[in-house]
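Keep in mind that the numbers below use all heavy atoms, side chains included, and drop hydrogens, waters and symmetry copies. Note that the structure is predicted; figures quoted are calculated from it, not measured.
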Amino acid sequence: MLRVEELEAALPSMTPWRAAARRSVDWSALEADLGTALPSDFRSLAEAYPVLVVDDFLVVSIPRPGAEASWASGVRDESEIFQDLYEMGDTEGYVPYPEADGLVSWAESNSGDCFYWRMSSPDPDAWPVVVRGANGDWSEFPVGAVEFQAGVYRRTIDVPGMPRSFPSDGPKVLGLSDRID
């Protein structure tokens, strides 16, 4: 799996948002709530960064320390939406979480693209990334979330249906606050 530092090299504008100290996400509580472990590259990303918005387009959903139940609830909400697509036969054979081989959401775009892991293995580090484009295209990539993002920003991974303007030549990143008011 690709390390967060390699994503930072591909997207240097994210580094101002890196936490000074490790963010203490309660993985035990979060994963118990979800009923599954999560990939280690994503866990490393979440321990270093808040929610990230890239080029005002891609939102990488990161659990906030102290709000793990809210993040898990968001995953379940996305699964309910996906369940509707599944029931309409609009999922290209993909199934919703928490089914075996189901899809778990980890990011979305402001155009309606959804980014998932396919729980294809008992080992979360082996889960591929699946993208449902806003135009109805489905694509699967045999990499984790961090490697997928690095590939998109380096332009070594092409996602069918994504806007040609994403990523921009100098992607801007906004980190959303961890404050819970």
Side-chain angles (χ1 to χ4, degrees), residues 1-8 11 14-54 58-87 91 94-110 112-132 140-150 152 173-181:
M1 302 219 83
L2 208 62
R3 295 183 11 243
V4 171
E5 291 78 12
E6 294 169 83
L7 174 57
E8 291 170 335
L11 185 64
M14 73 186 283
T15 59
W17 300 105
R18 188 184 245 288
R22 182 182 161 275
R23 297 171 72 243
S24 54
V25 175
D26 185 344
W27 294 110
S28 295
L30 176 59
E31 292 173 347
D33 196 357
L34 287 175
T36 186
L38 293 171
S40 62
D41 66 332
F42 181 76
R43 289 171 58 132
S44 294
L45 181 64
E47 290 170 355
Y49 285 95
V51 170
L52 298 172
V53 182
V54 182
L58 179 67
V59 179
V60 181
S61 178
I62 303 283
R64 287 183 304 189
E68 293 85 357
S70 176
W71 193 85
S73 177
V75 167
R76 284 190 293 279
D77 290 347
E78 282 295 319
S79 291
E80 288 177 20
I81 294 167
F82 186 83
Q83 179 71 38
D84 292 341
L85 291 171
Y86 179 73
E87 290 171 4
T91 62
Y94 290 109
V95 297
Y97 158 84
E99 300 294 322
D101 216 32
L103 299 185
V104 177
S105 174
W106 60 269
E108 62 188 5
S109 79
N110 65 11
D113 307 284
C114 294
F115 301 80
Y116 305 95
W117 292 291
R118 184 169 60 84
M119 300 183 343
S120 58
S121 167
D123 176 9
D125 288 342
W127 295 350
V129 167
V130 174
V131 180
R132 178 180 57 83
E140 187 167 323
F141 303 89
V143 297
V146 169
E147 186 172 349
F148 173 81
Q149 290 177 79
V152 167
V173 178
L174 174 65
L176 302 184
S177 173
D178 277 339
R179 285 187 49 188
I180 302 171
D181 294 329

| message | What I'd like to find out is whether the side chain of D41 reaches to under 4.5 Å of the side chain of E147, using heavy atoms alone. | response | no
| field | Candidates S105, S73, S61 - the one meeting side chain to side chain contact (heavy atoms under 4.5 Å, CB included) with E78 | value | S105
| said: Can you tell me how far apart CD (E31) and CZ (R43) are? Round to the nearest 0.5 Å. | reply: 4.5 Å
| So how far is it from S44 OG to R3 CZ, rounded to the nearest 0.5 Å? | 9.5 Å
| field | Over all atoms of both residues, closest heavy-atom pair of R23 and A48 | value | CD-C, 3.9 Å
| query | Heavy atoms, side chains only, cut-off 4.5 Å: are Y97 and R76 in contact? | reply | yes
| message | Can you tell me how far apart CD (E5) and OG1 (T15) are? Round to the nearest 0.5 Å. | response | 11.5 Å
| query | Do W71 and L34 come close enough that some side-chain heavy atom pair is under 4.5 Å? | reply | yes
| field | Smallest separation among heavy atoms of V60 and A107, with atom names | value | CA-CB, 4.0 Å
| task | Using modelled atom types only, decide if a donor and an acceptor are shared between the side chain of E68 and the backbone of D26 within a distance under 3.5 Å. | result | yes
| said: Testing the basics here: between W127 and A37, what is the closest heavy-atom pair and its distance to 0.1 Å? | reply: CH2-O, 3.3 Å
| Which residues pass the ring-ring contact (aromatic ring centres under 6.0 Å, His included) test with Y86, sequence neighbours left out? | none
| said: I'd like to check V4 versus R18 (side-chain heavy atoms, cut-off strictly below 4.5 Å). Are they in contact? | reply: yes
| query | Among V51, V25, L176, which residue meets the side chain to side chain contact (heavy atoms under 4.5 Å, CB included) test with I62? | reply | V51
| Distance from Q83 atom CD to T91 atom OG1, nearest 0.5 Å? | 9.0 Å
| field | Listed partners of D84 passing side-chain contact (heavy atoms from CB on, under 4.5 Å), at least two apart | value | E87
| field | Side-chain touch L11/Q149, heavy atoms, less than 4.5 angstrom | value | no
| Min side-chain heavy-atom separation L7-Y49 under 4.5 Å | no
| message | Please verify the inter-ring angle class for W106 with F115; under 30° counts as parallel, over 60° as perpendicular, anything in between as tilted. | response | tilted
| Validation row: P63, F42 side chains within 4.5 angstrom (heavy atoms) | yes
| Judged by atom type as modelled, is there a donor-acceptor pair below 3.5 Å linking the side chain of W17 to the main-chain atoms of L52? | no
| task | Among residues two or more places apart or on two chains, list those pairs meeting side chain to side chain donor-acceptor pair (under 3.5 Å) that have a residue in residues 112-124. | result | D101-R118, S109-D113, R118-E140
| Reported OG-to-CD distance for the pair S40 and E47, which is rounded to 0.5 angstrom | 10.0 Å
| request: For L38 and P124, work out which heavy atoms get closest and say how close. | output: C-CB, 3.7 Å
| task | Show your reasoning for whether side-chain contact (heavy atoms from CB on, under 4.5 Å) applies to L85 and R132. | result | CA-CA 11 Å; L85 291 171; R132 178 180 57 83; 3.4 Å; yes
| query | Are any of the side-chain heavy atoms of V152 and L58 separated by less than 4.5 Å? | reply | no
